[in-house]
Amino acid sequence: MSAPAPSSLAIVDAEPLPRQDEVLTPAALAFVAELHRRFTPRRNELLARRGERRAEIARTSTLDFLPETAAIRADDSWKVAPAPAALNDRRVEITGPTDRKMTINALNSGARVWLADFEDASAPTWENVVLGQLNLMDAYNRAIDFTDPRSGKSYALKPADELATVVTRPRGWHLNERHLQLDGTPVPGALVDFGLYFFHNAQRLIDLGKGPYFYLPKTESHLEARLWNDIFVFAQDRLGIPRGTVRATVLIETITAAYEMEEILYELREHASGLNAGRWDYLFSIIKNFRDGGTKFVLPDRNAVTMTAPFMRAYTELLVRTCHKRGAHAIGGMAAFIPSRRDAEVNKVAFEKVKADKDREANDGFDGSWVAHPDLVPIAMASFDAVLGEKPNQKERLREDVSVAAGDLIAIDTLHAKPTYDGLRNAVAVGIRYIEAWLRGMGAVAIFNLMEDAATAEISRSQIWQWINADVVFENGEHATAELARRIAADELAAIRAETGDEAFAAGKWQQAHDLLLQVSLDQDYADFLTLPAYEQLG
């Protein structure tokens, strides 16, 4: 008697979308189902391991480089695979969600790479998940255009040789896709995003002289990198794509991953392209992991923690040294400023800050960096052009002058800045405004002239939580308390109502966002990710 055929993926609680059948084909869904059967059990084990490691940090309030992988770090002979031509020069990368307008603008931006984001810059509505895939498929077929219904302005792709190379970022391991289920169990969002993209586009990209390239978010250990590598091997073999065609750049945006950078590259070495130095998620991870560690781990206002802070400098310099030692690209952080169409002086000051930041990265040895807006591409480009000239990268700069001890990465108390009352107000204001937009399906949001994404909300609510639990006293003498946070949040909600008007306020999700921010900021039981309870409320 033959074995029963494996059950297929079910689309659950989702309204039909235009052209969804082009993305959710039976063959594509079968491929995602196979990924789910093979790899979700290991994903689940690794998520459990995160909890065990967090408990260990709670006991010890410290981290160290792993003794069991010392031989990998000591072995100077191994390198990652050489970069493919399309990823050899990454001096400026633009980030953003995969909506139709952004897809065209990012590809046309003049940046060398577009991080096409299904993660922090995209609220995971079913529409964003499916139509984002469709937009990328259309872009590779040059079948994409867009007319803005408000302005009437039309958008179309430039010639192929002027377009950015796409590096797609799937969702982190902790997020599920509730609309795709197998036997009642939701499929991890990472496998949905990776699987659909790889299935539809891998061969098409190879034919275009590029390939399926990925950014891997929220990685916490080399074992998680190993899981991704096994997924790449399986996917390539299953679809007849040569091994090593996939390239992955890993975001080092968790404090635990910062201690395993070499091991992460080692696990992915056949498929590794580089590492990226994030900022807000990295600080969020420090707070999350060391939230029991006492006052020496209390961070000041987020804008006071610059990349020149000693513990951040240790992290970025170690990243450059690690990447170049192993032949990988080192990619710098985000310039999140959104230029003002009305205030030239605001732009002038901000552009100078962006230039200084990108100059520092280029001179430190980074091979490229991120921007959030097309107007910043020329500024970042000029900083890297000045250092690189005609060279595609500066991997030959080995930064052997850099020496980082384990304690340097968590020396938070080297900062002189302290939390401020205005910092608390800003965390509340930005948190409410971002979450409200996210609940309406927008993951990349301009707030106070900065492009904010989910990492912004995470650092905002984490700082509120940390300051209250550490009983921080602000410069005006007020203690950080739940009552103070509630009062500030109520004031902010009233200010937003006055700013938007009653009708627009009622049409938005402001009260819901206010309540959710306070929930994750004030609950004694700290939620691992804000996006988990938020996803339950997402339409």
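One is the number of the first residue; the rest follow in order along the sequence.
Between Arg90 and the options Thr165, Thr249, Asn276, a side chain to side chain donor-acceptor pair (under 3.5 Å) holds for only Thr249. Evaluated for a side-chain contact (heavy atoms from CB on, under 4.5 Å) with Ile255, the options Ile287, Leu283, Ile57, Leu63 yield exactly one hit, Leu63.
Ion pairing between Glu361 and Lys358 holds under the 4.0 Å rule for side-chain N and carboxylate O. Classification of Glu177 and Arg171 as a salt-bridged pair holds, one side-chain N sitting under 4.0 Å from a carboxylate O. A salt bridge links Arg326 with Glu262: the distance from a Lys NZ or Arg NE/NH1/NH2 to an Asp or Glu carboxylate oxygen falls below 4.0 Å. In this structure, Glu224 does not pair ionically with Arg42, as no charged nitrogen and carboxylate oxygen lie closer than 4.0 Å.
The aromatic rings of Tyr259 and Phe65 sit tilted relative to each other, their planes meeting at an angle between 30° and 60°. Relative orientation of the Phe232 and Phe194 rings is tilted, given thresholds of 30° and 60° on the angle between their planes.
Remark: the Thr60 side chain and the Thr62 side chain contain no N/O donor-acceptor pair separated by less than 3.5 Å. Side-chain contact check for Gln512 and Gln537: at least one donor-acceptor pair (N or O, by modelled atom type) lies under 3.5 Å. Between the side chains of Glu267 and His222, no donor-acceptor pair of N or O atoms lies under 3.5 Å. Residues His514 and Glu492 have side chains that never bring a donor and an acceptor to within less than 3.5 angstrom of each other. A side-chain donor from one of Thr69 and Glu263 sits under 3.5 Å from a side-chain acceptor of the other. Defined by atom type and a distance below 3.5 Å, a donor-acceptor pair is missing between the side-chain atoms of Lys218 and His174. Looking at Tyr215 and Glu93, their side chains do bring a donor and an acceptor atom within 3.5 Å of each other. No side-chain N or O of Thr40 forms a donor-acceptor pair with one of Asn44 less than 3.5 Å apart.
Cation-pi geometry between Arg279 and Tyr282 is not met at under 6.0 angstrom from the ring centre and within 45 degrees of the axis. Remark: Arg91 is not positioned above the aromatic ring of Phe366, lacking an NZ or CZ atom under 6.0 angstrom from the ring centre and at most 45 degrees off the axis. For the pair Arg247 and Phe214, the cation does not sit on the ring face, since its NZ or CZ is not both under 6.0 Å from the ring centre and inside 45° of the axis. Both tests pass for Arg302 against the ring of Trp280: distance under 6.0 Å to the centre and angle within 45° of the axis.
Residue pairs meeting the side-chain hydrogen bond (donor to acceptor under 3.5 Å, both in side chains) criterion with at least one member in residues 403-420, sequence neighbours excluded, are Asp301-Thr420.
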| field | Candidate pair Tyr535 and Trp438, rule ring pair (Phe, Tyr, Trp, His ring centres under 6.0 Å), full reasoning | value | CA-CA 9 Å; Tyr535 187 51; Trp438 195 92; 7.3 Å; no

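Side chain of Trp465 to main chain of Ala527: no donor-acceptor pair is present (N/O by atom type, distance under 3.5 Å, no hydrogens or angles). Not a single donor-acceptor pair under 3.5 Å links the side chain of Ser462 to the backbone N or O of Phe284.
Dense packing is recorded around NZ of Lys391, with more than 12 heavy atoms of other residues, nucleotides or ligands lying under 6.0 Å away. Around NZ of Lys296, the count of heavy atoms belonging to other residues, nucleotides or ligands within 6.0 Å does not exceed 12.
For Tyr421 and Trp467, the ring centers are positioned 6.0 Å apart or more.
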